[in-house]
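See structure below.
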Protein chains: 2
Amino acid sequence: MKQDSRLSATLHVLLHMADRGAPMTSEELAACLGTNPVVIRRTMAGLRETGLVRSEKGHGGGWTLARALDTITLGDVHRALGEPALLALGHRSENPQCLVEQAVNAALGEAFVEAEALLANRFDRVRLSDLAADFSRRFDERRQIHAKHDHTL
Amino acid sequence: MKQDSRLSATLHVLLHMADRGAPMTSEELAACLGTNPVVIRRTMAGLRETGLVRSEKGHGGGWTLARALDTITLGDVHRALGEPALLALGHRSENPQCLVEQAVNAALGEAFVEAEALLANRFDRVRLSDLAADFSRRFDERRQIHAKHDHTL
DNA sequence: ATTTCATGTAACACATAAAGTTACATGAAA
DNA sequence: TTTCATGTAACTTTATGTGTTACATGAAAT
């Protein structure tokens with residue numbers, strides 16, 4: 001099953017935006033991910049509608065965070081992306097007539113619901129500020145090893 | 001994300017085989033799922049290699065369970081299918097240089113590992129006999145409602 | 001005003017993987 | 001030797017994330 005990396009990519013982009021503090025263009029953000037600017041605009045569209053980010057056209061324009069890092073959870077971002085499916089496994093058919101399939105759905109469904117709840121729960125508990133803090137920790141760690149430093153990534 | 005329903009389909013098929021007690025052809029099994037016989041053979045190939053089922057050619061041939069229902073777990077079936085990915089979400093890249101992406105991977109990865117462990121754990125705990133018992137319960141329940149009965153599904 | 005820069009969006013092409021289909025070889029029983 | 005069933009390759013179909021091109025819209029700089 002091919003995996004959906006939009007959540008991962010979007011978190012990456014949001015942290016870069018926070019780190020910058022000034023508007024970043026789709027082109028700059030695309031460079032962070034090694035992808036195309038249109039992919040950025042397309043993905044960010046949902047976040048803009050949800051009020052997580054703002055976009056400005058023209059000179060000095062680009063993307064900025066609309067809320068503080070500690071008020072945005074991974075769950076917020078996931079929902080803003082349209083709540084893509086968390087699990088790669090699914091039922092062969094919902095509401096089957098066949099009793100065998102009903103039993104299969106019941107057994108698998110229980111596991112699916114639990115796993116989805118676990119993920120949703122975690123996503124709602126982790127905030128972007130937590131990721132930023134982890135980034136800072138890694139940054140300081142690296143700076144201790146090398147003598148040089150460059151907060152631009 | 002398109003979901004993988006092979007585990008669901010295979011469990012369905014295995015329970016029908018157990019219910020029958022005699023070899024079932026790919027065509028019969030395909031009819032249970034409303035699909036093509038070749039899809040059945042292709043999917044069951046992994047189970048045969050793992051020793052969960054046997055297949056016989058020619059007259060009176062078909063597919064039979066090679067082990068008792070209470071010795072086969074959902075995990076066994078999942079592994080026999082080649083351990084398809086459980087989660088639809090993934091990292092944008094493994095082992096990234098970018099510290100931001102490392103922080104993202106760390107946060108998401110923790111959630112991913114937990115969810116996968118939960119599913120794997122459940123799969124290893126649930127046996128086909130559990131599903132068969134649930135099927136029987138549903139069957140009896142339906143028989144109480146309707147007066148008629150037909151154990152062929 | 002005009003140019004430049006940036007987003008907004010449509011309309012494609014591309015990649016991957018599950019699922020479905022056709023065709024035919026292999027082998028076992030009638 | 002005919003019939004039935006699996007074994008398997010090769011192809012098509014479908015769905016979806018991803019990438020690309022093209023162009024309209026609008027805001028700031030000149």
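Lettering follows sequence order; numbering is per chain, from 1.
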Separation of C:dA19 atom P from B:Leu33 atom CG, nearest Å, is 11 Å

Run through DNA chain C and report every stem of 3 or more consecutive Watson-Crick or G-U pairs, distances under 3.5 Å, ordered by first number. C:1-30 with D:1-30

Can you find a side chain N or O atom of A:Ser26 that sits less than 4.0 Å from OP1 or OP2 on C:dA6? no

Hey, what are the protein-to-nucleotides 27-30 of chain C N/O distances that come in under 3.5 Å?
{"from": "C:dG27", "atom 1": "O4'", "to": "B:Lys57", "atom 2": "NZ", "distance (Å)": "3.3"}
{"from": "C:dG27", "atom 1": "N2", "to": "B:Gly58", "atom 2": "N", "distance (Å)": "3.1"}
{"from": "C:dA29", "atom 1": "N3", "to": "B:His59", "atom 2": "ND1", "distance (Å)": "3.3"}

Round to a whole Å and report the spacing from CE of A:Met24 to C1' of C:dT7. 15 Å

Is any N or O donor-acceptor pair between the side chain of B:Arg42 and the base of C:dT21 shorter than 3.5 Å? yes

Could you check how far CE of B:Met44 sits from C1' of D:dG7, rounded to whole Å? 14 Å

For A:His16 and A:His12, take the angle between the two ring planes, folded into 0 to 90°, and tell me which bin it lands in: parallel under 30, tilted 30 to 60, perpendicular over 60. parallel

Is any side-chain N or O of B:Thr35 closer than 4.0 Å to OP1 or OP2 of C:dG20? yes

B:Ile40 CD1 to C:dA18 P, in whole Å, measures 16 Å

What ring pair (Phe, Tyr, Trp, His ring centres under 6.0 Å) pairs are there with at least one residue in residues 93-112 of chain A, not counting sequence neighbours? A:His91-A:Phe112

Quickly work out the A:Gln3 CD to D:dT18 C1' distance and round it to whole Å. 15 Å

Would you confirm whether A:Glu114, through its side chain, and B:Leu118, through its main-chain N or O, come within 3.5 Å as a donor-acceptor pair? no

Spatial distance of atom CD (B:Glu94) from atom CD (B:Glu101) [nearest 0.5 Å]: 9.0 Å

In terms of side-chain geometry, is the basic nitrogen of B:Arg79 or B:Asp124 positioned less than 4.0 Å from the acidic oxygen of its partner? yes

Considering only nitrogen or oxygen atoms on both sides, find all protein atoms under 3.5 Å from nucleotides 21-23 of chain D and state each distance.
none

Table of protein N/O atoms under 3.5 Å from nucleotides 14-16 of chain D N/O atoms:
{"from": "D:dT14", "atom 1": "O2", "to": "B:Lys2", "atom 2": "NZ", "distance (Å)": "3.4"}

Look at all strands and tell whether A:Arg54 reaches a base, only sugar-phosphate, or nothing, counting heavy atoms closer than 4.0 Å. nothing

Atom CG of A:Asp4 and atom P of C:dA15: how far apart are they, to the nearest Å? 19 Å

Give a yes or no on whether A:Val39 and A:Leu14 share a hydrophobic cluster (residues Ile, Leu, Val, Met, Phe, Trp, Tyr; joining criterion: side-chain heavy atoms under 4.5 Å apart). no

What parts of residues 80-92 of chain B reach DNA chain D, counting only heavy atoms under 4.0 Å away? none

Rounded distance in Å - CD (B:Glu28) to P (D:dC4): 13 Å

